[in-house]
Amino acid sequence: MSAAEHSRIPSFAYPLRSIGRLTVTPLGLGAMPLSFEEKADDTENARATVAAALDAGITLVDTADIYAPAWNKIGHNERQVADALEAYAEAHPDFDRASITVATKGGITRAEGEKWGRDSSVGHFRTAVVRSKKNLRVEAIDLYYLHRPDRTRLYSEAIETLAELKDEGHVKNIGISNASVEEIEIALDVLGEGNLAAVQNEFSPRFNHTSWDELQLCGEHGITFVPWSPLGGTGGGAFEVGERFPVIAEIASERGVSPQQVVLAWEMSLGDHVLPIPGASRPASVADSAMAMSLALESGEKDALNKELLPKR
């Protein structure tokens, strides 16, 4: 990263975090909403949203091959991300593309008639990885996730395939998504300690009862835990998070920040290995989320949030 690039990055209350052999900001951009049907053809908005993330210092962008407005547009979101990064580079001569980590995923299928499925076969992953590399315009993918388990196949075999793709130089780091404790342990058995870079599971104030154990296990093994839909989802949960959880609204009001910033700061405070990726389809949304990286919660605030939001044991 160049000195000029460092000058664009603000000081953070939460330190930079590791994903495998990569170092990124403690919060990333979830690019999926840029491919929602109403946004899919708005190239300028996609460029502006990614630019807002980069301007705010964010260095991780998350996408997937199946993030697309229709079954026959697989790779849409990956191509949007690649285009937006290239447009940003053209507008900022000092921008170092290598300073940005792009994560993508494979293993879910979409076919004519919007028939969804899972495929963890060797053939599928080899085709999907090559296609994603082309979409992202890279020689090797920074971080590649098994998107969801394929229950027709042994989980270990899917991880072995990803390990082969890494050994061959197609991907730099391996992750798994929507994974249980058992599946994390299987991945560790196959890859060995230190070689599972990240686990990306749904985790938010309204949904964490099935991911808390996975978050803790990741911390024990030095694996980055990446909450998706960290604000509660795009179906209204993110916008209503302060209304649904008064403790969040109270702290936000006292600190003069948005409820969304409080949520993201709380999640980052759960461990140095926790790295939320809030989705955004507008520059204003990602700019607001990015401010959470500088919001240091006090111990009393964290205790109050933990008491109200974490699973009761």
*Check whether the side chains of Ser35 and Gln80 place a donor and an acceptor atom closer than 3.5 Å, and report yes or no.*
yes

*Could you tell me which residues satisfy side-chain hydrogen bond (donor to acceptor under 3.5 Å, both in side chains) with Tyr144, sequence neighbours excluded, listed by chain and number?*
none

*Not counting sequence neighbours, which residues clear side-chain hydrogen bond (donor to acceptor under 3.5 Å, both in side chains) with Asn173? List them please.*
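Per chain and number, Asn173 pairs via side-chain hydrogen bond (donor to acceptor under 3.5 Å, both in side chains) with no residue.
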
Counterpart residues, salt bridge (Lys or Arg N to Asp or Glu O under 4.0 Å), relative to [X] (two or more places apart):
X	result
Asp189	none
Glu114	Arg110
Arg137	Glu86
Arg255	Glu301

_Applying side-chain contact (heavy atoms from CB on, under 4.5 Å), can you list everything that pairs with Ala31, at least two apart in sequence or on another chain?_
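Applying side-chain contact (heavy atoms from CB on, under 4.5 Å) to Ala31 gives Leu34, Val61, Asn77, Val81.
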
*Who passes side-chain contact (heavy atoms from CB on, under 4.5 Å) against Glu220, sequence neighbours left out?*
Leu217

*Looking at residues at least two apart in the chain, or sitting in another chain, which of them share a ring-ring contact (aromatic ring centres under 6.0 Å, His included) with Phe36?*
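Phe36: no ring-ring contact (aromatic ring centres under 6.0 Å, His included) contacts found.
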
Which atom pairs, donor and acceptor, lie under 3.5 Å between side-chain atoms of residues 192-201 and protein residues at least two apart or in another chain?
residue	atom	partner	partner atom	Å
Glu193	OE1	His221	ND1	3.2
Glu193	OE2	His221	ND1	2.7
Asn195	ND2	Leu191	O	2.8
Gln200	NE2	Asp62	OD1	3.0
Gln200	NE2	Tyr145	OH	3.4
Asn201	OD1	Asn178	N	2.9
Asn201	OD1	Ala179	N	2.9
Asn201	ND2	Ala179	O	2.8

*If you link ILVMFWY side chains whenever their heavy atoms are less than 4.5 Å apart, which other residues fall into the same cluster as Val122? By chain and number, please.*
none

Would you list the atom pairs, donor with acceptor, under 3.5 Å between side chains in residues 123-131 and any protein atom, with sequence neighbours excluded?
residue	atom	partner	partner atom	Å
Arg126	NH1	Glu168	OE1	2.9
Arg126	NH2	Glu168	OE1	3.3
Arg126	NH2	Glu168	OE2	2.7
Thr127	OG1	Gly123	O	3.1
Arg131	NH2	Asp65	OD2	3.4

